[in-house]
Protein chains: 2
Amino acid sequence: MPAMARAATTADAFNAVAEPRRREILDALAGGERAVNDLVRLLGLAQPQVSKHLRVLREVGAVDVRDEGRQRLYRLNGHALRPIHDWVKNYERSWSERFERLDVVLEELKQKKEGNGS
Amino acid sequence: MPAMARAATTADAFNAVAEPRRREILDALAGGERAVNDLVRLLGLAQPQVSKHLRVLREVGAVDVRDEGRQRLYRLNGHALRPIHDWVKNYERSWSERFERLDVVLEELKQKKEGNGS
DNA sequence: TTGACATATGCTCATATGGGTATACGATGC
DNA sequence: GCATCGTATACCCATATGAGCATATGTCAA
């Protein structure tokens with residue numbers, strides 16, 4: 001068991017998506033399939049960097065590839081992001097007015113119940 | 001400008017939360033304020049590790065601290081997670097049936113419009 | 001075949017990680 | 001004052017990162 005410094009970026013979607021450039025790539029792919037050079041132009045990154053980021057995204061299943069002649073067309077696969085969504089969703093109550101109001105109501109119910117004595 | 005290898009874990013919530021133990025800590029704090037040793041017991045980690053993780057979470061604003069005698073009570077501050085929620089929310093359509101059905105409707109509308117000729 | 005294009009991989013470098021262990025700091029109680 | 005509890009920090013280590021640059025691989029065109 002080698003002492004792991006930091007989980008690999010390919011360990012899961014959380015790690016893959018921690019890199020801002022990779023989020024940008026996903027955002028770009030949200031508009032539809034793109035070839036690598038497309039992304040290079042869109043993001044203003046060097047081609048090798050883009051390819052490497054795409055590899056990471058591929059390994060966590062956030063993108064799929066398709067060969068089209070000389071080009072490799074990447075497409076988004078949002079399912080990989082679901083665990084992130086599911087996790088963070090539980091914290092929505094921290095900022096959502098909707099939940100804040102709900103909390104108020106629940107608090108009132110609780111007080112009332114205590115007032116009645118069980 | 002030193003060549004940064006990987007963004008600091010304290011760079012933003014995305015990076016802070018990429019570490020599973022830190023997510024566990026936040027999940028534990030969702031139940032309410034906790035002292036460090038509480039978390040040590042709950043997570044089964046060494047105390048210094050917990051303190052370090054808490055430091056990272058503090059630096060990205062995901063937790064707040066309060067001194068109570070010898071203890072330091074940490075409490076969740078979910079607001080820091082909002083950017084994550086907002087970002088990932090846009091990908092919900094990838095797996096949500098709700099959105100899939102919406103897409104079907106939109107597609108039908110589009111077809112109809114094309115049929116009518118502009 | 002030769003060459004241009006599109007993409008992936010290899011390598012080096014500086015960096016910061018997270019675990020482990022020891023220790024410093026601060027508050028409390030005797 | 002002194003021991004003890006609760007927590008933070010310092011240090012060492014192995015690891016993998018992401019950028020930059022060079023190069024390999026694969027595909028089409030002349």
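Just so it is clear, the values below take in all heavy atoms, side chains as well, and ignore hydrogens, waters and symmetry mates. The sequence lines fix the lettering, A, B, ..., with proteins before strands; numbering per chain opens at 1.
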Query raised in the report: Looking at B/Asn37, does any N or O in its side chain come under 4.0 Å of the phosphate oxygens OP1/OP2 on D/dC5?
Result: no

Requested in this report: Have a look at B/Ala35 and say if it touches a base, only the backbone sugar-phosphate, or nothing, with a 4.0 Å heavy-atom cut-off.
Outcome: sugar-phosphate

Query raised in the report: Is any side-chain N or O of B/Tyr74 closer than 4.0 Å to OP1 or OP2 of D/dG6?
Result: no

Query - For A/Asp38, salt bridge (Lys or Arg N to Asp or Glu O under 4.0 Å) partners two or more places apart - result: A/Arg34, A/Arg41

**Report entry** Distance below 4.0 Å between B/Gln49 side-chain N/O and C/dG20 OP1 or OP2
**Finding:** yes

Report summary line: Across all chains, not counting sequence neighbours, the salt bridge (Lys or Arg N to Asp or Glu O under 4.0 Å) partners of B/Asp27 are none

Query raised in the report: Quick one: ring pair (Phe, Tyr, Trp, His ring centres under 6.0 Å) partners of A/Tyr74, sequence neighbours excluded?
Result: none

Query - Any residue meeting side chain to side chain donor-acceptor pair (under 3.5 Å) with B/Arg75, in chain and number order, not counting sequence neighbours - result: B/Glu33

Requested in this report: Specify the residues of residues 38-46 of chain A, ordered by number, for which at least one heavy atom lies under 4.0 angstrom from an atom of DNA chain C.
Outcome: none

Query raised in the report: What pairs with B/Gln47 under side chain to side chain donor-acceptor pair (under 3.5 Å), at least two apart in sequence or on another chain?
Result: B/Ser51

Query raised in the report: Hey, can you pull the residues of residues 20-30 of chain A with a non-hydrogen atom under 4.0 angstrom from DNA chain D?
Result: A/Arg22

Query raised in the report: What one-letter contact string describes nucleotides 22-30 of chain C from 5' to 3', where B marks a base within less than 4.0 Å of any protein heavy atom, S marks contact via sugar-phosphate atoms alone, and - marks no contact?
Result: B----SB--

Report summary line: Those residues at least two apart in sequence (or on a different chain) that pass salt bridge (Lys or Arg N to Asp or Glu O under 4.0 Å) with A/Arg70 are none

Query raised in the report: Counting only side-chain N and O atoms of B/Arg6, is one of them less than 4.0 Å from OP1 or OP2 of C/dT17?
Result: no

Report task. Please figure out whether A/Thr10 or B/Ser51 has its closest DNA chain D nucleotide nearer the 5' end. Result -> B/Ser51

Report task. Report the residues that fulfil side chain to side chain donor-acceptor pair (under 3.5 Å) with B/Arg72, sequence neighbours left out, ordered by chain and then residue number. Result -> B/Asp67

Query raised in the report: For A/Arg21, what residues pass the salt bridge (Lys or Arg N to Asp or Glu O under 4.0 Å) criterion, not counting sequence neighbours?
Result: none

**Report entry** Those residues of residues 54-61 of chain A lying under 4.0 Å from DNA chain C by at least one heavy atom
**Finding:** A/Arg55

